[in-house]
Asker: 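Starting off with a structure, shown below.
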Amino acid sequence: MKQTMIKKIVYALAIFFVAGALYSFQAAEKYTLTCTFKGLADGTKMELLPAGTHRREKPVAETIVKNGQFIFTGTVAGPRMFAVKIAGEDYSMFRVMVENAPIEVTGKVQETEVRGERSHQFNDLKVTGSKAHEAFLIKTSLRERLGVLYESYHTNNKEILGQLRAADEKKDTVLRKQLMETAAYKKLEKEEAAFFKTVQDSITGLILAHKDSWWGPFLMLDQMSYFTPREKNLFEQFSQEAKDSYYGQIVQADLFPKSYIGQQAPSLAFVDSLQKPVSFAQLATGKKYVVIDFWASWCVPCRKAIPALKTFYGETAASGVEIISVSIDKKEADWARANTQEAFPWPSFLDRAGMADAFNVKAIPAMFLLDGQGKVVAENVTLEEIRDIIR
């Protein structure tokens with residue numbers, strides 16, 4: 001009887017531990033992101049988007065707020081940064097590092113306005129259950145220290161900065177030039193250079209301190225808004241494990257983009273305002289060269305470059321050169337307004353099908369030269385370089 005009872009107890013314990021093991025294993029296979037916010041209206045549509053990739057990402061999941069709460073579930077192959085965003089509001093979001101675990105986010109939501117648009121600000125964020133998020137906050141705490149230094153050198157040079165701002169507002173170039181000759185400006189210039197060197201050294205040090213894991217390339221993406229050729233040397237210092245990681249592959253594709261010179265363009269997906277496709281053949285009929293110009297309504301250098309483009313077009317259109325402008329504006333209304341203001345004498349489209357991503361456009365303005373059959377002749381070229389090529 002005693003032995004039978006012992007067997008039953010052992011069996012029950014075995015079932016308990018197996019069930020516990022299975023539960024732990026199953027729990028580790030997915031994440032549950034539970035978000036609770038005061039002030040977030042029921043019925044609000046929420047989106048989950050990959051973040052920290054330097055790409056224009058699309059939502060991977062959507063859900064609706066109910067009783068101030070919303071939940072996302074899924075699986076990630078490793079820790080991933082996500083943006084949680086209110087649908088239809090470009091600036092209403094917060095970021096969280098997600099891993100396969102039950103994660104909770106709490107806070108408050110306050111309605112505000114950003115760039116003249118209705119928006120919501122997520123405050124008092126508290127994230128629990130994600131060790132990766134905790135590590136992220138620790139690793140990126142240098143931003144706070146740099147912020148203190150930034151405020152310090154601005155406070156120390158408040159007077160000259162105010163004078164420069166006033167001169168700029170009045171568009172008084174003579175006064176600005178005079179101010180730039182003063183001892184106060186020289187002091188500002190010196191302190192500003194020192195600050196940006198500190199920023200560069202701090203961020204580089206942070207990245208290289210994690211060169212042997214996925215954190216290195218992730219922090220490179222997170223701390224740098226865009227890459228220049230000099231960042232290639234930084235990437236080469238990563239371990240192979242870091243380079244092969246999810247974020248390592250993203251950095252590599254960004255720094256060493258595939259060249260399409262001599263090949264068919266990666267995308268020629270033009271879509272008109274009625275959502276109908278427009279063929280490249282239709283646009284390039286009888287043309288020897290086609291310039292694809294990526295721009296946006298908010299891009300000041302893009303808008304400033306348009307008069308020169310119009311001059312170029314007037315000089316070359318009759319000899320077989322076409323220009324096609326492709327805007328990366330997020331909102332059609334913004335593009336439509338700027339498109340009307342600029343009155344392009346050539347075809348102009350909103351990027352509705354991810355052309356900019358296909359061409360690996362990271363900064364605008366960006367121009368690509370194609371032949372009349374859609375093959376790439378030159379990538380990321382200036383107007384002067386295009387002139388030299390087509391002569």
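Values reported hereafter were calculated over all heavy atoms of this structure, with side chains retained and with hydrogens, waters and symmetry mates removed. Since we're looking at a predicted model, the values are computed, not measured.
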Asker: Distance only, no hydrogens: is a donor on one side chain within 3.5 Å (strictly under) of an acceptor on the other, for Tyr185 and Gln163?
Answerer: no
Asker: As an exercise, state the distance from OG of Ser92 to CG of Leu40, rounded to the nearest 0.5 Å.
Answerer: 10.0 Å
Asker: Under the salt bridge (charged side-chain N to carboxylate O under 4.0 Å, His left out) rule, collect the residues that match up with Asp272, sequence neighbours excluded.
Answerer: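 None.
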Asker: Under 4.5 Å between any side-chain heavy atoms of Val326 and Phe359, yes or no?
Answerer: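 Sidechains of Phe359 and Val326: no contact.
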Asker: Between Tyr246 and Trp214, is the ring centre distance below 6.0 Å?
Answerer: no
Asker: Between Lys375 and Ile261, is the side chain to side chain contact (heavy atoms under 4.5 Å, CB included) condition met? List the steps.
Answerer: CA-CA 7 Å; Lys375 287 186 177 180; Ile261 293 178; over 6 Å; no
Asker: Considering non-hydrogen atoms only, spot the tightest contact between Glu379 and Ser259 and give its length.
Answerer: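 Nearest pair, atom of Glu379 first, then Ser259: OE1-OG, 3.1 Å.
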Asker: Is the Phe94-Phe37 ring centre distance short of 6.0 angstrom?
Answerer: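 Yes; Phe37 has its ring centre under 6.0 Å from that of Phe94.
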Asker: For the pair Ser297 and Asp334, evaluate side-chain hydrogen bond (donor to acceptor under 3.5 Å, both in side chains) and give the outcome as yes or no after the intermediate values.
Answerer: CA-CA 6 Å; Ser297 64; Asp334 293 341; 5.0 Å; no
Asker: Over 60° means perpendicular and under 30° means parallel, so tell me whether Phe344 and Trp295 are parallel, tilted or perpendicular.
Answerer: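 Rings of Phe344 and Trp295: perpendicular, as their planes differ by over 60°.
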Asker: Is any side-chain heavy atom of Leu383 closer than 4.5 Å to a side-chain heavy atom of Met367?
Answerer: yes
Asker: Between the side chains of Tyr153 and Glu192, does any donor sit under 3.5 Å from an acceptor?
Answerer: yes
Asker: How many angstroms lie between CG in Leu350 and CG in Asn339, if you round to the nearest 0.5 Å?
Answerer: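 Output value for this atom pair is 9.0 Å.
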Asker: Looking at His54 versus Phe227, is the centre-to-centre ring distance below 6.0 Å?
Answerer: yes
Asker: Do you see a donor-acceptor pair shorter than 3.5 Å between the side chains of Glu113 and Ser119?
Answerer: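 Their side chains do not contain a donor-acceptor pair, so the 3.5 Å distance test is not met.
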Asker: To the nearest 0.5 angstrom, please state how far the CD atom of Glu231 sits from the CD atom of Glu236.
Answerer: 12.5 Å
Asker: Is it the case that the side chain of Asp371 and the backbone of Gly374 share a donor-acceptor pair, with hydrogens and angles ignored and the cut-off at 3.5 Å?
Answerer: yes
Asker: Check the side chains of His120 and Glu89 for a donor-acceptor pair under 3.5 angstrom, ignoring hydrogens and angles.
Answerer: yes
Asker: Might you point out which heavy atoms bring Met46 and Phe122 nearest each other, and give the distance in Å?
Answerer: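 It is CE-CZ, 4.2 Å.
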Asker: Does a side chain donor of either Ser141 or Glu144 reach within less than 3.5 Å of an acceptor in the other side chain?
Answerer: no
Asker: Quick one, Lys187 and Asn157 - any side-chain contact, counting heavy atoms below 4.5 Å?
Answerer: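 They are in contact (side-chain heavy atoms under 4.5 Å apart), so the answer is yes.
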Asker: As an exercise, state the distance from CG of Leu268 to CG of Leu283, rounded to the nearest 0.5 Å.
Answerer: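 It comes to 9.0 Å.
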Asker: For residues Thr53 and Glu57, is any side-chain donor paired with an opposing acceptor at under 3.5 Å?
Answerer: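 There is such a pair between these side chains.
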Asker: Quick check for you: to the nearest 0.5 Å, what is the distance between Thr128 atom OG1 and Glu134 atom CD?
Answerer: 8.5 Å
Asker: Taking the side chain as every heavy atom from C-beta outward, state whether Lys310 and Trp346 have any atom pair closer than 4.5 Å.
Answerer: yes
Asker: Between atom CD1 of Ile103 and atom NE2 of His133, what is the distance when rounded to the nearest 0.5 Å?
Answerer: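 One finds 9.5 Å between CD1 of Ile103 and NE2 of His133.
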Asker: Check the side chains of Asn123 and Gln121 for a donor-acceptor pair under 3.5 angstrom, ignoring hydrogens and angles.
Answerer: yes
Asker: For Lys126 and Glu104: C-alpha separation, side-chain torsions, deciding distance, then whether salt bridge (Lys or Arg N to Asp or Glu O under 4.0 Å) applies.
Answerer: CA-CA 8 Å; Lys126 183 179 180 181; Glu104 293 189 6; over 6 Å; no
